[in-house]
*Asks:* 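One structure, as C-alpha cells, below. Some questions next.
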Amino acid sequence: MSESQEVAKINWVNTLYLIISPIVSIAALAYWFYKGWFNWNTAILFLVFASIIELSITAGYHRLFSHRTYKANTFVKLFFLCFGAAALQSSAYLWSLDHRVHHQHVDHKEKDPYSIKKGFMWAHITWLFYKKDEQLDEVHAPDLDSDTLVQWQHKYWVYLGAFFGFILPAMIAHFAWNDFFGGLFVAGFFRSVVNHHATFLINSVSHCIGKQTYSDTHSARDNWFTALLTFGEGYHNFHHEFPSDYRNGIRFYHYDPSKWLIYGLSLIGWTYDLKRVSASIINRKREAMLAKAA
Ligand SMILES: [Zn+2]
Ligand SMILES: [Zn+2]
C-alpha cells in the first residue's frame with residue numbers, strides 16, 4: 001500500500017481524540033490540583049461516572065448487545081445505551097459488530113479487527129486509528145438491525161455521549177458544589193481516558209498475559225489484574241471459550257461485578273434468561289487443559 005493510500009485510511013477524529021485527550025485531561029487534572037480546587041465531591045463523581053460507564057460497556061455493550069448472554073427490560077437497555085455512549089467507544093451497534101468479528105476470527109492477522117498477532121499496541125489502540133467500514137459490511141446481525149433502541153442509539157450516540165459523559169457531570173458539579181471545571185475535565189475528559197484504556201486492556205493485556213485455563217487454541221488469557229480494572233472482563237480465556245455465558249469470572253472469589261449486576265437485576269426481574277454453560281462442560285475443558293499441562 002502506498003503512503004497516500006495509508007493516510008487516506010486514517011480515521012482522523014479517532015486518532016486525534018485518542019492522542020490528545022490523555023494529554024489535555026492530565027494537564028487539566030494537574031491544573032485542578034494546582035489551583036487548589038480538589039474536592040471529594042468531584043472525586044466521588046469521577047468514580048461514580050467511571051464505574052457506571054464502564055459497567056455499561058461490560059454488562060451492556062459486551063455481554064448484552066454483542067453476545068446476548070441475557071435479556072433486559074427497556075429501562076436497563078436504555079441506561080446501558082445512554083451511559084455506554086459516554087465511553088466514546090462508538091455506538092453499541094458498531095462496537096458489537098467489531099466484537100463479533102473479533103470472536104469469529106480471533107488471532108487472524110487480517111480478519112480479527114484487534115488481532116494480538118499484529119502486536120500489543122495494535123490490539124490496544126492503533127487499530128482504532130484506521131477506517132474499517134468494508135470489513136463490517138460483511139457482518140450480518142439481524143438481532144441488532146431489528147433492535148429499535150440499538151438503531152436509535154447508533155444514530156444519536158455522539159449527542160448522547162456528549163450529554164451523559166460530559167455535560168451531565170459538569171452540570172452536577174456546577175450546580176451542587178460549584179466545580180464546573182472539575183465536573184467537565186475530571187469526571188468528563190479524564191474519566192473518558194480511563195474508560196478507554198480500561199476497555200483496551202482486554203484486547204491487549206488479556207490476549208497475552210495470564211492463564212489459558214480452558215483452551216490454548218486462542219490467545220485469550222484469564223487475568224485477575226485486568227478483571228479488577230474492567231469490572232470482571234479479565235477472565236478472558238473463559239469468555240472466549242464460553243462467550244454465551246453471562247459470567248466471565250465463574251468462581252465465587254472471582255471479581256466480576258458485571259456478573260453481580262446482571263444477576264442482581266434478575267432478582268427484581270429487570271434482566272432475565274441469564275445463560276450459563278453447565279459446570280460439567282466447563283470442568284471437562286479445564287481438566288483437559290490440566291491433563292495437557294501434565
Ligand atoms: Zn478477546
Ligand atoms: Zn466477547
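Counting starts at 1 for both ligands and their atoms, in listed order. Computation of the quantities below employed the complete heavy-atom set of this structure, encompassing side-chain atoms and omitting hydrogens, waters and symmetry-equivalent molecules.
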*Asks:* With carbon and hydrogen excluded and only N/O/S kept, which atom of His67 is nearest the Zn ion (ligand 2)?
*Replies:*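 This turns out to be NE2.
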*Asks:* Judged by atom type as modelled, is there a donor-acceptor pair below 3.5 Å linking the side chain of Asn11 to the main-chain atoms of Tyr130?
*Replies:* no
*Asks:* Is it true that Asp112 and Lys117 have a side-chain N and a carboxylate O under 4.0 angstrom from each other?
*Replies:* no
*Asks:* Check for me: within less than 2.8 Å of the Zn ion (ligand 1), which protein N/O/S atoms show up?
*Replies:*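 Metal shell, protein only: His102 NE2, His207 NE2, His236 NE2, His240 NE2.
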*Asks:* Exactly one of Phe180, Tyr31, Trp177, Phe185 should register a ring-ring contact (aromatic ring centres under 6.0 Å, His included) with Trp37. Which one does?
*Replies:* Tyr31
*Asks:* Glu110 and His105: side-chain donor and acceptor closer than 3.5 Å?
*Replies:* no
*Asks:* At the Zn ion (ligand 2), what is the angle formed between atom NE2 of His62 and atom NE2 of His99, rounded to the nearest 10°?
*Replies:* 90°
*Asks:* Among the clusters formed by ILVMFWY side chains lying less than 4.5 Å apart, do Phe166 and Ile57 turn up in the same one?
*Replies:* no
*Asks:* Under 3.5 Å, side chain of Tyr263 to main-chain N/O of Leu274, donor-acceptor pair present?
*Replies:* no
*Asks:* Going only through I, L, V, M, F, W and Y residues with side-chain contacts under 4.5 Å, is there a path from Leu18 to Tyr61?
*Replies:*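 No, separate clusters.
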